[in-house]
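Report on the following structure.
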There are 4 protein chains.
Amino acid sequence: MAINNVEALFAESLNELELTKKQKSVLRASLTLFSEQGFDRTSTSDIARVAGVSEGTVYKQFKTKEGILKALLGPFIQQVLPKAAGEFLDTFANTNVPDFETFLRRIVADRLTFFETNKLQLKIFIQEILSNSDMAATFINKTVGGAITRITAVMKFYQQKNEIVDWDPVRIVRYIMSTMLGYALPNLIQPDKKLNIEQSTDEVVEFIMRGIGIKKS
Amino acid sequence: MAINNVEALFAESLNELELTKKQKSVLRASLTLFSEQGFDRTSTSDIARVAGVSEGTVYKQFKTKEGILKALLGPFIQQVLPKAAGEFLDTFANTNVPDFETFLRRIVADRLTFFETNKLQLKIFIQEILSNSDMAATFINKTVGGAITRITAVMKFYQQKNEIVDWDPVRIVRYIMSTMLGYALPNLIQPDKKLNIEQSTDEVVEFIMRGIGIKKS
Amino acid sequence: MAINNVEALFAESLNELELTKKQKSVLRASLTLFSEQGFDRTSTSDIARVAGVSEGTVYKQFKTKEGILKALLGPFIQQVLPKAAGEFLDTFANTNVPDFETFLRRIVADRLTFFETNKLQLKIFIQEILSNSDMAATFINKTVGGAITRITAVMKFYQQKNEIVDWDPVRIVRYIMSTMLGYALPNLIQPDKKLNIEQSTDEVVEFIMRGIGIKKS
Amino acid sequence: MAINNVEALFAESLNELELTKKQKSVLRASLTLFSEQGFDRTSTSDIARVAGVSEGTVYKQFKTKEGILKALLGPFIQQVLPKAAGEFLDTFANTNVPDFETFLRRIVADRLTFFETNKLQLKIFIQEILSNSDMAATFINKTVGGAITRITAVMKFYQQKNEIVDWDPVRIVRYIMSTMLGYALPNLIQPDKKLNIEQSTDEVVEFIMRGIGIKKS
DNA sequence: TATGAATGAGCTTTCATTCAT
DNA sequence: AATGAATGAAAGCTCATTCAT
């Protein structure tokens, strides 16, 4: 069975590991293979072959196959939502408050870029969440929970300014996320296609603004 | 309506295989285990144990482990999109043409119900699509393609009636699907939660109608 | 008398596991190989080859390699001291009390027979005790402790009858055991040699009686 | 006396190898680990870690893992019996002939001291003898054989003086050794306990003298 | 001389699949 | 039809040993 808690993933980061060339090659090969075939269908001998190293080298740094997964997903998970929530909110707190559409455009562009950059890790992460209920639960508790409260504050801010509809902020966030997902998901399944971030951002923002925006007379 | 036939069709296709009690038990156990742990992390001895049969019995009807997967997903895939498009078009051909919101409400309720009814199969299906590029390709070619053309026709119909915005029908379908996905996905990850279909349908329709509807003066 | 039941009990406890022919063959092969080469130097493929079965069969009943060890040593350990202490004491409690030499002769003959019968298990057990401090501790706590108190009572009985010297019973038991060990150990190292139990018993008793007996005038 | 030279000789033979600090550290770590866990359960990386050196250094002096074992046991084996027999005989040749009890007391004290000093090596040696039939054979041929003939001469000397019973000298040696073993063995299994050599010697001699001595009227 | 990354053979273990009963 | 013992290929992993730095 794979990683049991997201907590472990947060602990490690790749930079601290001081990897050799060959060990980085192991990670690169694993990223490709895990995302293409899934964690369980990738054998460590597959990884060694693709990475051009011996099987022993695969286990030198990453004590177990799961250790490779942690090394790949750890840094990724740290970026999934915190950026979306924390950093943006900090940014807004210190700058002139723009209108909601500007806010939305920034956050959508940022997250779509993140998706595109971390397509492979995301695919592995989703696979893992779907077959490891502990991971899902921990992820939701530790990551989503905190983000929601902060995002909620932002939504309420714009709701009070009468820029967006007075729905439950969670509902609004759901629409933003799922609309972005509508552009991101197909690219996960067919990874050779590349996401046109600018156009996608424009389209997402246009649709979301119609869906939740309030026209000022 | 399609909704009521889903379960029936699934049962039928299993009956066509002339399954004994024990073999049905194998399928039931596999459905649960595959969706909870994933196909690869479920062993045939797990299945046998949960199903309360011997390992030999598992192989009597379903020659391989993959055979069980096919028996589970086959009937499911045939229901994913075709019915949604096909049957609705048949419905429209035989009834008075309703407005877009009515159409939307029907299709959303139908698909959300389908999601809820086939949650487990859907989860397995997604897992499979993410780690089996062949399956993804096959699914897209055989299922999505045909549905798109038929749905496109419907969208154009309402666009010509000036009820919805003049965007690429594919884009509109993407929003409808992804908005529904926003309600369905959390239930996949936390399968104990139950989807409130009525409320979800209302919310989806409300949001989509704001996003793509055109208000008549 | 206990002696005759040892082999029987061993067979019984194996039967309780409901072992098939091949699984018994695995145990037989493991007993030989472990005692000849040691547990660590015996590979499970060795066992499979010698037992004439597949490697899978080795693991069907005994989930791990250590499981085989437990199956071999479990019944053995239960016989090491308890019988020597418990049953003999019960016997004495219910029969006419013989003199110490008769008592000694019985116990020596019994234990030497036990050694000879369980030579291989004993060798494995000693190997294990020497490289597994947990096992040593457990063995001493669970087995030796209880036996000592009961044997002590017997010694004191004969000391009060002035048949043996008034040393600490533990010291006396130590001499009895180590003298027997002097006959048993060489046979462990060279297992092809067979212990002449009658002669050995006579010699042990003769020496011990000189060493701790009290001549009555 | 032989006793005091044991440690010195061991140190000498290591110095002959011109060992550096780190290499001595390797031997020290190996001695501890081999005796605690057994040779097979000790990995060379364990040794390197405990010794505080790199794995490469472990192999600089001792070409193989077995080479470390030889370096540890070689000097030990040369001391096991030869000195006991040889040096004592030399001693007897040059001094007034003492009585048997004096002889016995010296030899017992000497060997118990040797046991205590070389507890760890002895434990490793026994482990090795039990899982390596070649080693047992070699040891018996090269070491025990020679010693027996010399010791036999001594026993016969005292038998002719009518100090000890007229048993086969091998039998007498067996009792002496096994009685000492009765004190030494428990300390092997629980290495934290320390053998009280003086008291043990007194007890051993007292028991042996009763067992094989002849009271002069 | 010392290091530790790298190796690869071989180990323990799992599991889909078969087949005699 | 049903069983479950048996199989053996392949998986994850360990570790003694080598060698470039």
Side-chain angles (χ1 to χ4, degrees), chain A residues 18-23 25-26 40-48 51-68, chain B residues 18-23 26 39-49 51-68, chain C residues 18-23 25-26 40-48 51-68, chain D residues 20-23 26 39-49 51-68:
Chain A
E18 286 191 24
L19 299 174
T20 64
K21 255 186 185 174
K22 298 213 169 187
Q23 286 160 353
S25 174
V26 168
D40 294 301
R41 285 173 199 178
T42 303
S43 71
T44 49
S45 75
D46 281 346
I47 295 172
V53 302
S54 71
E55 274 211 68
T57 300
V58 173
Y59 282 88
K60 194 77 181 189
Q61 179 64 47
F62 314 101
K63 307 304 180 192
T64 65
K65 192 182 160 192
E66 223 179 283
I68 305 176
Chain B
E18 290 189 22
L19 298 176
T20 65
K21 248 187 185 178
K22 299 212 167 188
Q23 286 161 351
V26 168
F39 178 79
D40 294 300
R41 286 173 200 179
T42 303
S43 69
T44 49
S45 77
D46 280 345
I47 295 172
R49 189 174 31 76
V53 302
S54 70
E55 283 198 64
T57 300
V58 173
Y59 279 84
K60 201 71 188 184
Q61 180 62 50
F62 314 100
K63 306 302 181 193
T64 66
K65 192 182 162 191
E66 221 177 297
I68 304 176
Chain C
E18 290 189 22
L19 298 175
T20 65
K21 255 187 186 175
K22 298 213 168 187
Q23 287 161 351
S25 174
V26 167
D40 294 300
R41 286 174 198 176
T42 303
S43 71
T44 48
S45 75
D46 281 346
I47 296 172
V53 304
S54 71
E55 276 213 65
T57 299
V58 173
Y59 283 86
K60 196 75 183 192
Q61 178 65 47
F62 315 100
K63 306 304 179 191
T64 65
K65 191 182 161 193
E66 220 177 296
I68 304 176
Chain D
T20 65
K21 248 187 184 177
K22 298 210 168 187
Q23 286 160 351
V26 167
F39 178 80
D40 294 300
R41 284 173 199 178
T42 301
S43 70
T44 50
S45 76
D46 280 346
I47 296 172
R49 188 172 33 74
V53 302
S54 70
E55 284 199 63
T57 300
V58 173
Y59 280 84
K60 202 71 188 184
Q61 180 62 48
F62 315 100
K63 305 304 180 192
T64 66
K65 191 183 163 192
E66 221 178 297
I68 304 177

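Nothing here was measured: the structure is a model prediction, and the numbers come from that model. Each chain gets a letter, A, B and so on, in the order the sequences are listed, and its residues count up from 1.
Judged as a side chain to side chain donor-acceptor pair (under 3.5 Å), and not counting sequence neighbours, the contacts of A:T42 are A:Q37. Under the rule for a salt bridge (charged side-chain N to carboxylate O under 4.0 Å, His left out), the partners of D:R41 that lie at least two apart in sequence or sit in another chain are C:D40, C:E128. Residues passing the side chain to side chain contact (heavy atoms under 4.5 Å, CB included) test with C:T20, sequence neighbours excluded: C:K22, C:Q23. In terms of the side chain to side chain donor-acceptor pair (under 3.5 Å) criterion, D:T44 has no residue partners (sequence neighbours excluded). In this structure, the side chain to side chain contact (heavy atoms under 4.5 Å, CB included) partners of D:T64, at least two apart in sequence or on a different chain, are D:E66. Partners of A:S45 according to the side chain to side chain contact (heavy atoms under 4.5 Å, CB included) rule, which considers only residues two or more places apart in sequence or in another chain, are A:S43, A:E55.
Computed from coordinates, the D:E66 CD to F:dA16 P distance equals 12 Å when rounded to whole Å. Here the C1' atom of nucleotide E:dT18 and the CZ atom of B:F62 are 18 Å apart, to the nearest Å. One can place CD1 of A:I47 at 11 Å from C1' of F:dG12, the figure rounded to the nearest angstrom. Between the OH atom of C:Y59 and the C1' atom of E:dC11 there is a distance of 8 Å, rounded to whole Å. Note: CD (C:Q61) to C1' (E:dT14) measures 17 Å, nearest angstrom. Remark: P of F:dG12 and CG of B:D40 are 11 Å apart, rounded to the nearest angstrom. One can place CD1 of D:I68 at 12 Å from C1' of F:dT17, the figure rounded to the nearest angstrom.
Listed for the D:K65 side chain is a donor-acceptor partner under 3.5 Å among the backbone atoms of D:F39.
Contact annotation: B:S45 side-chain N/O to E:dC15 OP1/OP2 distance is not under 4.0 Å.
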Nucleotide N/O to protein N/O under 3.5 Å, stretch nucleotides 6-8 of chain F:
from	atom 1	to	atom 2	distance (Å)
F:dA6	OP1	C:T20	OG1	3.2
F:dA6	OP2	C:T20	OG1	2.9
F:dA6	O3'	C:K22	NZ	3.4
F:dA6	N7	C:K60	NZ	3.3
F:dA6	N6	C:K60	NZ	3.3
F:dT7	OP1	C:K22	NZ	2.8
F:dT7	OP2	C:S54	N	3.0
F:dT7	OP2	C:S54	OG	3.2
F:dT7	OP2	C:T57	OG1	2.5
F:dT7	O5'	C:S54	OG	3.4
F:dG8	N7	C:G56	N	3.4

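Contact of the B:V58 side chain with the B:I68 side chain is registered, since non-hydrogen atoms from C-beta on lie closer than 4.5 Å. Inter-residue side-chain proximity for B:T57 and B:F62 is flagged as unmet; no heavy-atom pair is nearer than 4.5 Å.
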Item to check | Secondary structure string for DNA chain E (Watson-Crick or G-U under 3.5 angstrom, | for other-strand pairs) | outcome: .||||||||||||||||||||
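When each of B:K65 and C:T64 is assigned the nucleotide of DNA chain E bearing its nearest heavy atom, the one mapping closer to the 5' terminus is C:T64. Of the two residues near DNA chain F, A:T42 and D:R41, the one whose nearest nucleotide lies more 5' is A:T42.
Residue D:S43 is in sugar-phosphate contact alone, with no base atom involved, counting any heavy-atom pair closer than 4.0 Å across all strands shown.
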